[in-house]
Amino acid sequence: MLPTVWRINIKTAAEPGTDPRQFCIDQRCLGVGWRAGNSETLDWQVYEALARAAYPNDKGWWPALNALRNRMRDNDLCWTRDIQGIYYLGRIDGPWEYIARPENLRADVVNIRHCEWLKVGPIDAVPGKVVSSFRPNRTAQRVDDETVRVFSAYFYNCHTQSAVQYKIPPVSPDIFALLSDEDCEDLVALYMQLAGYVLLASTCKSSTAAYEFVMRHSQTGERAAAQVKTGYHEINMAAYSSFPGKVYLFSSKGRYTGERGSNIICLSPDDMTAFLHANEHILPERVMVWLAIARDLSADARTV
């Protein structure tokens with residue numbers, strides 16, 4: 001059975017010079033703050049009563065503690081990242097504890113679960129759905145994506161010395177759940193360049209929210225733009241009908257709405273999957289890695 005997968009933002013009110021993220025990695029734990037009382041250890045009933053009195057107007061306290069103590073289970077997997085943007089994957093292997101030793105107080109990490117952390121790498125080594133899960137401000141939340149659950153279990157099995165191994169079911173993972181927003185934009189840019197367009201680099205700006213970038217055809221000079229949406233975000237085709245040129249649209253879930261103008265080219269997930277397999281030699285390295293993983297995961301059920 002695949003584990004539940006979480007992500008935790010370890011951002012506490014640590015003392016200057018103390019990095020709570022590194023503290024958790026070094027101490028093999030995941031944790032949050034919200035100190036209560038003056039004791040070094042507390043059981044749950046005592047801690048809960050003290051914390052409710054200490055943080056009556058704190059909207060983050062209960063959701064974080066409820067997730068940490070009550071919703072997370074042993075052998076669940078959890079993603080986090082350090083201050084340098086390096087991602088880690090951990091397996092929870094112990095119950096909630098309240099520990100207020102001096103080093104915990106300095107890091108403001110007093111509510112903990114023991115956790116075996118594995119270093120994964122920078123953003124290009126991590127599924128896009130994991131990266132995007134860190135955008136909300138919640139301290140801890142589930143990552144509800146089946147492909148991420150498969151990937152997380154697969155990575156853990158491949159890189160741990162633990163006797164705990166997860167059963168990987170025979171699946172056909174959605175490759176686009178593994179790719180980041182930027183990966184998908186790169187793919188569409190490659191697709192268009194092979195169709196004869198050349199990129200105008202100055203158009204790749206966040207201020208041009210309507211389009212990811214604008215291109216010109218190398219032979220005809222025709223202008224073309226692109227818009228890419230991942231996950232379940234829809235693209236309204238009618239919003240692009242007035243663009244003076246072709247517009248290439250890509251929704252990773254094939255979610256297109258509105259009236260389709262004559263200048264609109266909708267790239268389906270099947271189109272882009274075929275493009276991936278036909279042009280592996282020019283893909284970004286991280287996309288090549290995701291393809292290899294997807295192929296491996298689509299084989300028979302296994303425990304690596």
Side-chain angles (χ1 to χ4, degrees), residues 123-124 127-133 135-136 144-148 171-291 294-295 298:
I123 192 171
D124 62 348
K129 288 293 182 67
V130 172
V131 176
S132 63
S133 75
R135 292 171 185 163
D144 287 321
D145 184 273
E146 187 71 6
T147 307
V148 167
V171 294
S172 297
D174 175 7
I175 183 64
F176 298 110
L178 295 174
L179 303 185
S180 68
D181 297 349
E182 291 78 13
D183 291 332
C184 290
E185 291 167 18
D186 284 346
L187 292 179
V188 172
L190 286 172
Y191 183 96
M192 293 175 66
Q193 287 176 88
L194 290 188
Y197 291 92
V198 292
L199 180 66
L200 303 177
S202 64
T203 67
C204 302
K205 306 293 184 183
S206 59
S207 59
T208 57
Y211 309 102
E212 309 300 348
F213 44 78
V214 176
M215 292 189 172
R216 288 274 191 175
H217 198 276
S218 60
Q219 299 298 318
T220 67
E222 179 187 37
R223 182 186 289 109
Q227 179 58 275
V228 177
K229 296 291 184 183
T230 59
Y232 290 92
H233 294 287
E234 297 179 344
I235 298 181
N236 179 4
M237 296 182 290
Y240 303 93
S241 61
S242 62
F243 182 81
K246 291 181 179 178
V247 180
Y248 286 73
L249 304 178
F250 177 52
S251 161
S252 67
K253 292 291 186 183
R255 296 173 66 87
Y256 301 104
T257 62
E259 184 176 353
R260 179 174 176 173
S262 60
N263 66 324
I264 303 299
I265 299 173
C266 293
L267 302 173
S268 72
D270 289 343
D271 291 335
M272 296 310 294
T273 299
F275 175 79
L276 283 167
H277 292 297
N279 297 279
E280 291 188 40
H281 62 292
I282 61 170
L283 296 178
E285 184 175 352
R286 60 181 177 269
V287 178
M288 295 174 66
V289 173
W290 298 140
L291 274 176
R295 287 194 184 105
S298 66

Side chain to side chain contact (heavy atoms under 4.5 Å, CB included) between Y240 and I264, worked out: CA-CA 7 Å; Y240 303 93; I264 303 299; 3.6 Å; yes

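- The distance from the CD1 atom of I235 to the OG atom of S251 is 5.5 Å, given to the nearest 0.5 Å.
- Listed here is the closest heavy atom pair of A177 and P127: O-CB, 4.2 Å.
- Between K229 and R255 there is no side-chain heavy-atom pair separated by less than 4.5 Å.
- Using a 4.5 Å heavy-atom threshold, the side chains of V228 and D181 count as separate.
- N263 contributes atom CG, which lies 12.0 Å from atom CZ of R223 (distance to the nearest 0.5 angstrom).
- Remark: side-chain polar atoms of R216 are paired, donor with acceptor, to backbone N or O of G221 under 3.5 angstrom.
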Between L267 and F275, is the side chain to side chain contact (heavy atoms under 4.5 Å, CB included) condition met? List the steps. CA-CA 10 Å; L267 302 173; F275 175 79; over 6 Å; no

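- With rounding to the nearest 0.5 angstrom, the CD1 atom of I175 is 11.5 Å from the OG atom of S252.
- For Y191 and F250, the distance between ring centers is not under 6.0 angstrom.
- Checked by atom type and distance alone, the side chain of T220 never pairs as donor or acceptor with a backbone atom of H217 at under 3.5 Å.
- To the nearest 0.5 Å, the span separating CE on M237 from CD on Q227 amounts to 14.0 Å.
- Here the SG atom belonging to C266 is positioned 4.5 Å from the CZ atom belonging to R260, to the nearest 0.5 angstrom.
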Start with the C-alpha gap between Y248 and M215, add the side-chain angles, then the distance that decides, and say whether side chain to side chain contact (heavy atoms under 4.5 Å, CB included) holds. CA-CA 11 Å; Y248 286 73; M215 292 189 172; over 6 Å; no

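- Listed here is the closest heavy atom pair of C184 and L179: SG-CB, 4.1 Å.
- Two residues are said to be in side-chain contact when any heavy atoms from C-beta on lie closer than 4.5 Å; V287 and D186 fail this criterion.
- Counting only residues at least two apart or in different chains, side-chain hydrogen bond (donor to acceptor under 3.5 Å, both in side chains) contacts with residues 270-282 comprise S268-D271, H277-R295, E280-R295.
- Closest heavy-atom contact between G254 and P269: N-CG, 3.7 Å.
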Audit row: F176, T230, side chain to side chain contact (heavy atoms under 4.5 Å, CB included) steps and yes/no: CA-CA 8 Å; F176 298 110; T230 59; over 6 Å; no

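- Contacts of Y256 classified as ring-ring contact (aromatic ring centres under 6.0 Å, His included), with partners at least two apart in sequence or in another chain: none.
- Taking each heavy atom of V247 and L249 in turn, the nearest pair found is CG1-CD2, 3.5 Å.
- Under the 4.5 Å side-chain criterion, counting only non-hydrogen atoms from C-beta, L187 is in contact with M272.
- For the pair W290/D183, a side-chain contact is recorded, criterion being any heavy-atom separation below 4.5 Å from C-beta on.
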